[in-house]
Amino acid sequence: MHGEYKVPGGKLVVVDLEVEAGRISSFHLAGDFFLEPDTALEDINRAVTGLPDTAEVPTIAAAIRAQLPDGVQMLGFTPEAVGTAVRRALVTASTWSDFEWEVIDDPAVSPMTNLALDEVLTGRVGDGRRKPTLRIWEWDQSAVVIGSFQSYRNEVDPEGAKRHGFQVVRRISGGGAMLMGAEQIITYSLYVPSSLVAGLTFADSYAFLDDWVLQALREVGIDATYQPLNDIASPSGKIGGAAQKRLANGGVLHHATLSYDIDGQVMTEVLRIGREKLSDKGTTSAAKRVDPIRSQTGMARREILDRFIASFQKFTGAERGHVTPDELAEAEELVRTKFSTDAWLHRVP
């Protein structure tokens, strides 16, 4: 059995193992990490060998720590990373290179159509009718996109939204509200099979699926990091956040919104951002909560998008593609029957 895990912001951890009578055997660790003293590699191999094949990440990590000598230096990985690679081997998880990928960067559609496309394309990847895909969002009017479980009246100021021209819509994933002003943010969706995140905790899958964009941000000069559970940040402040939805057929939707040049004052007038939420982020004003990419790079939004796409293609070998006519038709029908209805928008009053 073979398992791999790329530590977000760190190194690749690779394990090979066998299972005999319910126990891990013939275990070997490899990767591009740094480890001192180098004899600690055999200590880690011994620690994992003989563990039950049902051992979860905390158990594996504890066994490794108990075996390691004092003063050992693990750079670019952790005992938990080794445990994650072991779990991915035991459940035969896929890696990014196991798939053919597609990138979609189509012309703008309505915010509701973007939301419906997320549901349609996730379902098609889960059914095996579409390659795993990265889709860049473009939209033809400003919108507030609230999370699946958010209260409409608690999150949105209807008068402020109307005054600033923001349509209010609800997505299928959880998480917080997104203020989608024209040319102000960058949003993308990943549609992947569940095998890609097999063996990862739900929390770890967020950072795993966004590791490519951390690399892309660093390439344009932003020292980006992932802050659990779902925030992408820099030393200057928060850049954005991610959300997920997993379908019963095995399709996984992971999408993220990054601030390019957000208007903090408009945010406070459209969204009901409470003091408790702001204090939790360590700030005192909404205008300071989200640090725009533009201020850190000086690059045009389109240039940032092109660099992101190029980085993803380099990482996955993805080819350019498009939403097909039948996928778009299915999405428009979902807009009519679901996303445009009051029943959906106010499912949580």
Side-chain angles (χ1 to χ4, degrees), residues 1-35 37-69 72 74-101 125-128 131-132 190-212 226 244 246-252 254 315-318:
M1 298 178 181
H2 179 85
E4 298 183 6
Y5 176 59
K6 169 66 169 60
V7 180
K11 298 298 184 177
L12 180 66
V13 178
V14 181
V15 301
D16 291 282
L17 58 91
E18 296 178 8
V19 174
E20 297 179 3
R23 297 277 173 175
I24 297 172
S25 64
S26 302
F27 179 82
H28 297 284
L29 171 67
D32 61 355
F33 49 77
F34 298 92
L35 179 64
D38 57 14
T39 53
L41 183 66
E42 289 306 315
D43 292 328
I44 294 174
N45 289 340
R46 280 193 295 271
V48 178
T49 299
L51 290 176
D53 63 358
T54 56
E56 296 294 339
V57 171
T59 300
I60 298 169
I64 292 171
R65 285 195 170 89
Q67 187 73 33
L68 289 175
V72 68
M74 302 177 71
L75 303 178
F77 78 122
T78 63
E80 284 76 15
V82 177
T84 298
V86 171
R87 290 309 316 163
R88 285 174 62 76
L90 290 168
V91 299
T92 61
S94 302
T95 65
W96 294 88
S97 61
D98 289 332
F99 304 102
E100 294 181 355
W101 291 85
V125 169
D127 289 340
K131 298 176 183 177
L190 277 170
Y191 315 108
V192 305
S194 59
S195 62
L196 183 61
V197 293
L200 298 176
T201 66
F202 192 81
D204 286 343
S205 71
Y206 275 80
F208 177 77
L209 290 176
D210 274 335
D211 191 48
W212 72 272
Y226 216 86
Q244 285 187 14
R246 304 190 180 199
L247 303 186
N249 70 353
V252 177
H254 177 96
F315 180 57
T316 63

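Since the model is a prediction, treat every value here as computed from it, not as a measurement.
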Kindly compute the distance separating [atom1] ([X]) from [atom2] ([Y]), expressed to the nearest 0.5 Å.
{"X": "H2", "Y": "T92", "atom1": "NE2", "atom2": "OG1", "value": "12.5 Å"}
{"X": "L41", "Y": "N45", "atom1": "CG", "atom2": "CG", "value": "5.0 Å"}
{"X": "D98", "Y": "L196", "atom1": "CG", "atom2": "CG", "value": "8.5 Å"}

Within-4.5 Å side-chain heavy-atom neighbours: [X] and [Y]:
{"X": "S26", "Y": "L17", "result": "no"}
{"X": "M74", "Y": "I44", "result": "yes"}
{"X": "R246", "Y": "V197", "result": "yes"}
{"X": "T95", "Y": "K6", "result": "no"}

Which heavy atom in [X] sits nearest to a heavy atom in [Y], and how many Å separate them?
{"X": "A198", "Y": "A93", "value": "O-CB, 3.4 Å"}
{"X": "I24", "Y": "D53", "value": "CG1-CA, 4.3 Å"}
{"X": "V19", "Y": "S25", "value": "N-OG, 4.1 Å"}
{"X": "A89", "Y": "V15", "value": "CB-CG2, 4.0 Å"}
{"X": "A55", "Y": "T59", "value": "CB-CG2, 4.1 Å"}
{"X": "V13", "Y": "L29", "value": "CG1-CD1, 3.6 Å"}

Could you check whether any side-chain N or O of [X] sits under 3.5 Å from a backbone N or O of [Y], counting only pairs where one atom can act as donor and the other as acceptor?
{"X": "D32", "Y": "L12", "result": "yes"}
{"X": "D211", "Y": "F208", "result": "no"}
{"X": "W101", "Y": "F315", "result": "no"}
{"X": "T49", "Y": "R46", "result": "no"}
{"X": "R88", "Y": "E4", "result": "yes"}

**Item:** Verdict with reasoning, T201 to Y206, per side chain to side chain contact (heavy atoms under 4.5 Å, CB included)
**Value:** CA-CA 9 Å; T201 66; Y206 275 80; over 6 Å; no

**Message:** So if I apply the side chain to side chain contact (heavy atoms under 4.5 Å, CB included) rule between V252 and each of S195, S205, S194, which one comes out positive?
**Reply:** S194

**Request:** Measure the acute angle between the ring planes of F33 and F77, then classify it against the limits of 30° and 60° as parallel, tilted or perpendicular.
**Result:** parallel

**Item:** R87 bridged to E80 by N-O distance under 4.0 Å
**Value:** no

**Asked** Step by step, would you call Q67 with V48 a side chain to side chain contact (heavy atoms under 4.5 Å, CB included)?
**Response** CA-CA 9 Å; Q67 187 73 33; V48 178; over 6 Å; no

**Item:** Working for side chain to side chain contact (heavy atoms under 4.5 Å, CB included), residues I60 and L51
**Value:** CA-CA 8 Å; I60 298 169; L51 290 176; 4.1 Å; yes

**Request:** Carefully, step by step, assess V192 and F99 under the rule side chain to side chain contact (heavy atoms under 4.5 Å, CB included).
**Result:** CA-CA 10 Å; V192 305; F99 304 102; over 6 Å; no

